[in-house]
Amino acid sequence: MDAPESKLEADFYTREIWPGIQSGEIVECEMHKTFQLLPPGEYCGIKLHKAEYTPDFWIRRRNGTVEVIEVKSKAVRRLQKSYVYRRRLFIELYARPNGWVFREIIE
């Protein structure tokens, strides 16, 4: 598993993820799993870069529920202008169709 990229992620992992793993409630956990939102391409001679979304945590609970968790500071969220669009695409392309829970923790 990857290491947390921020203190907020590390604190969340220690507070919520690790105890869930230890108790057996969380049976699978991936940090920074990348999901493709749009493939790379070209249109009218314009190079179009791929679009991806990488949440902080992707977990599967013992009951089969999949939960995707994004942990951000208010300052970082304001700086990442494209975040709200990538989050929306992720929800519409992956979370909603698969019945996954999406949690956003802003501290």
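The chain is numbered in sequence order, starting from 1.
- Below 30°, between 30° and 60°, or above 60°: for Phe102 and Tyr53 the angle between ring planes is between 30° and 60°, a tilted geometry.
- Residues passing the side chain to side chain donor-acceptor pair (under 3.5 Å) test with Thr54 are Thr34, sequence neighbours excluded.
- Each of Ile105 and Val101 belongs to its own hydrophobic cluster when Ile, Leu, Val, Met, Phe, Trp and Tyr are linked at side-chain heavy-atom distances under 4.5 angstrom.
- The CD1 atom of Ile17 sits 10.0 Å away from the CG atom of Asp56 when rounded to the nearest 0.5 Å.
- Applying the side chain to side chain donor-acceptor pair (under 3.5 Å) rule to Lys47 yields no partners; only residues at least two apart in sequence or on another chain are considered.
- To the nearest 0.5 Å, the span separating CD on Glu9 from CD1 on Ile69 amounts to 11.0 Å.
- Of all non-hydrogen atoms in Pro55 and Glu70, the two that sit nearest each other are CA-OE1, 3.3 Å.
- Side-chain N or O atoms of Thr65 include none that pairs as donor or acceptor with a backbone N or O of Arg61 at under 3.5 Å.
- A salt bridge between Glu104 and Arg87 is present, with a side-chain N of the basic residue lying under 4.0 Å from a carboxylate O of the acidic one.
- For the atom pair Ile106 CD1 and Leu8 CG, the distance stands at 9.5 Å (nearest 0.5 Å).
- Under a 4.5 Å side-chain heavy-atom cut-off, the cluster of Ile, Leu, Val, Met, Phe, Trp and Tyr residues that includes Tyr43 is completed by Ile46, Leu48.
- Partners of Glu92 under the side chain to side chain donor-acceptor pair (under 3.5 Å) rule, at least two apart in sequence or in another chain, are Arg88, Arg96.
- Note on Tyr85: it clusters hydrophobically with Ile91, by side-chain heavy-atom contacts below 4.5 Å among ILVMFWY residues.
- By the side chain to side chain donor-acceptor pair (under 3.5 Å) test, Glu16 pairs with Arg103, sequence neighbours left out.
- Remark: Tyr94 pairs with Phe35, Phe90 by the ring-ring contact (aromatic ring centres under 6.0 Å, His included) rule, at least two apart or across chains.
- When Glu52, Lys50, Arg86 are each tested for a side chain to side chain contact (heavy atoms under 4.5 Å, CB included) with Leu37, only one passes: Arg86.
- Note: Phe57 CZ to Cys29 SG = 6.5 Å, rounded to the nearest 0.5 Å.
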Pair up each side-chain donor or acceptor in residues 21-28 with any protein partner under 3.5 Å, not counting sequence neighbours, and list the distances.
from, atom 1, to, atom 2, distance (Å)
Ser23, OG, Pro19, O, 3.3
Ser23, OG, Gly20, O, 3.2
Ser23, OG, Glu25, N, 3.3
Glu25, OE1, Arg62, NH2, 3.1
Glu28, OE1, Arg60, NE, 3.2

